[in-house]
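Below: the structure, in structure tokens.
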Amino acid sequence: MAKLELRNVTKKYGSFTALDNINVDIAHREFVVIVGPSGCGKSTLLRSIAGLEQISAGEIVVGEQAVHRVPASKRGLAMVFQNYALYPHKTVAQNMGFALKIAGVPKAEIDQRVNEAARILQIEPLLDRKPKALSGGQRQRVAMGRAIVREPKVFLFDEPLSNLDAALRVDMRVELAKLHNTLDATMIYVTHDQTEAMTMADKIVVLRAGRIEQVGAPMELYHYPASAFVAGFIGSPRMNIVPATVEAVSDSAVTVKLRDGTMIDVPVEAGQTRKGDGVSFGVRPEHLALDTTGTSSAFEITVQVVEPLGGETILFGNTSTGETIVVKTPGEVAVTIGDKVKVAPSQPMCHIFDSDENALKQRARGLNGRKVQ
Ligand SMILES: Nc1ncnc2c1ncn2[C@@H]1O[C@H](COP(=O)(O)OP(=O)(O)O)[C@@H](O)[C@H]1O
Ligand SMILES: [Mg+2]
């Protein structure tokens, strides 16, 4: 069993707090993605787990053992970095087996583990090649192979795909998900890319300036972001968030008024805000639809940019009060730059954030037939 617990983990560099009281429970076999903007502390957290950094306070527990004072090599963890340096003069097989050789593992066992890892990663035909005769994706696989042969209790990945081109990143994402299933291993994966987080994670930890902003399953974060920060970070294109005022509060909804005067009922729980409060209204681009039927909550935008992507079209427009609004519509639409169009929000999918950027609690709603609390 390789569960991992972070308890009150704090890391300071002098007077600068890089990690501030981090608490996360990671279950055996869970795939956890730590996501956040550059500089928020992702690598520091992973390096602290690996034992490459000494934490200033708190505990790190792997299985039943507190490991934060145990040297990196004894923690039973293996890390794959963004900049994985392979030994240029060694073959793929030698690169993969090197750590085991240093550790004094018998040759027959090294060969057996290297062959098994190569089979899992589908790089068996490459075992005798040198790194310079490999593509970027193949090198990345070798770097993962080096981790797999060590049979770690937990795999740690620090932005391992960010040096690959876009198409290869998509392929490797799928490979990693398969690998996770095959190995039955606990994995902690760090990235600044919300798409990687959404597609691979069982659980996402959103980090902001050294603190945890929210923890949850991908769809929980997408549907119920706890703050404007998470709302803006998860989902692409990012959520539209514009200033508004609370116009009325009832048992079933809060009515907000946009600056252009549009009234929108948002089904959040009562008792969290009052008439007259300054708030932000949030709606994702995919929850806005072109409206020709005079829906009362529709508002007008002037189209600035049209991005036809084939399967969908992204419109960028401005409201009459100057806010930028992004709309994602399925298929092709007959809209050109300069057109004034009305867009209607899907009200159950809208959000309100208070003046501290915290989300008002939504009423529970069914999502794709599954109720998320
Ligand atoms: N050795 C160090 N000394 C001082 N500050 C550091 C050190 N390592 C990282 N930091 C700072 O800690 C913060 C988090 O860094 P890092 O964990 O690398 O961020 P991320 O991986 O999320 O981009 C940054 O502000 C960075 O400058
Ligand atoms: Mg980093």
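Just follow the structure's listing: the first ligand is 1, and inside any ligand the first atom is 1.
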* For ligand 1, is there an N or O atom under 3.5 Å from any N or O atom of Ser43? -> yes
* Asked: Can Lys90 be said to sit on top of Tyr87's aromatic six-ring, NZ or CZ under 6.0 Å from centre and within 45° of the ring axis?
  -> yes
* Asked: Under 4.0 Å from ligand 1, counting heavy atoms only, is it the side chain of Ala18, its backbone, both or neither?
  -> side chain
* **N/O/S atom of Thr44 inside 2.8 Å of the Mg ion (ligand 2), strictly under** => no
* For atom 5 (N) of ligand 1, grab the closest protein heavy atom and report residue, atom and distance to one decimal in Å. => Tyr13 CD1, 3.3 Å
* Measuring to protein heavy atoms, does anything land under 4.0 Å from atom 15 (O) of ligand 1? -> yes
* Backbone or side-chain N or O of Phe16 under 3.5 Å from ligand 1 N or O -> no
* Near Thr44, which atoms of ligand 1 are under 4.0 Å from a heavy atom of that residue? -> 14 (C), 15 (O), 16 (P), 17 (O)
* For atom 23 (O) of ligand 1, closest protein heavy-atom neighbour -> Gly39 N, 2.7 Å
* Donor-acceptor contact present, side-chain Thr319 to main-chain Gly322, <3.5 Å -> yes
* Think Lys12 forms a cation-pi with Phe16, using NZ or CZ under 6.0 Å from the six-ring centre and within 45 degrees of its axis? -> no
* Within a distance of under 4.0 Å, is there any protein heavy atom near atom 9 (C) of ligand 1? -> yes
* Asked: Any salt bridge between Lys107 and Asp111, counting N to O under 4.0 Å?
  -> yes
* If every non-hydrogen atom of Pro218 is compared with every non-hydrogen atom of Ala197, which pair is closest and at what distance? -> CG-O, 4.3 Å
* Asked: Does ligand 1 have any atom that is closer than 4.0 Å to a heavy atom of Gly36?
  -> no
* Asked: Regarding Arg284 and the six-membered ring of Tyr222, is the cationic atom NZ or CZ under 6.0 Å from the ring centre and inside 45° of its axis?
  -> yes
* Is there a donor-acceptor pair under 3.5 Å between the side chain of Lys42 and the backbone N or O of Gly36? -> yes
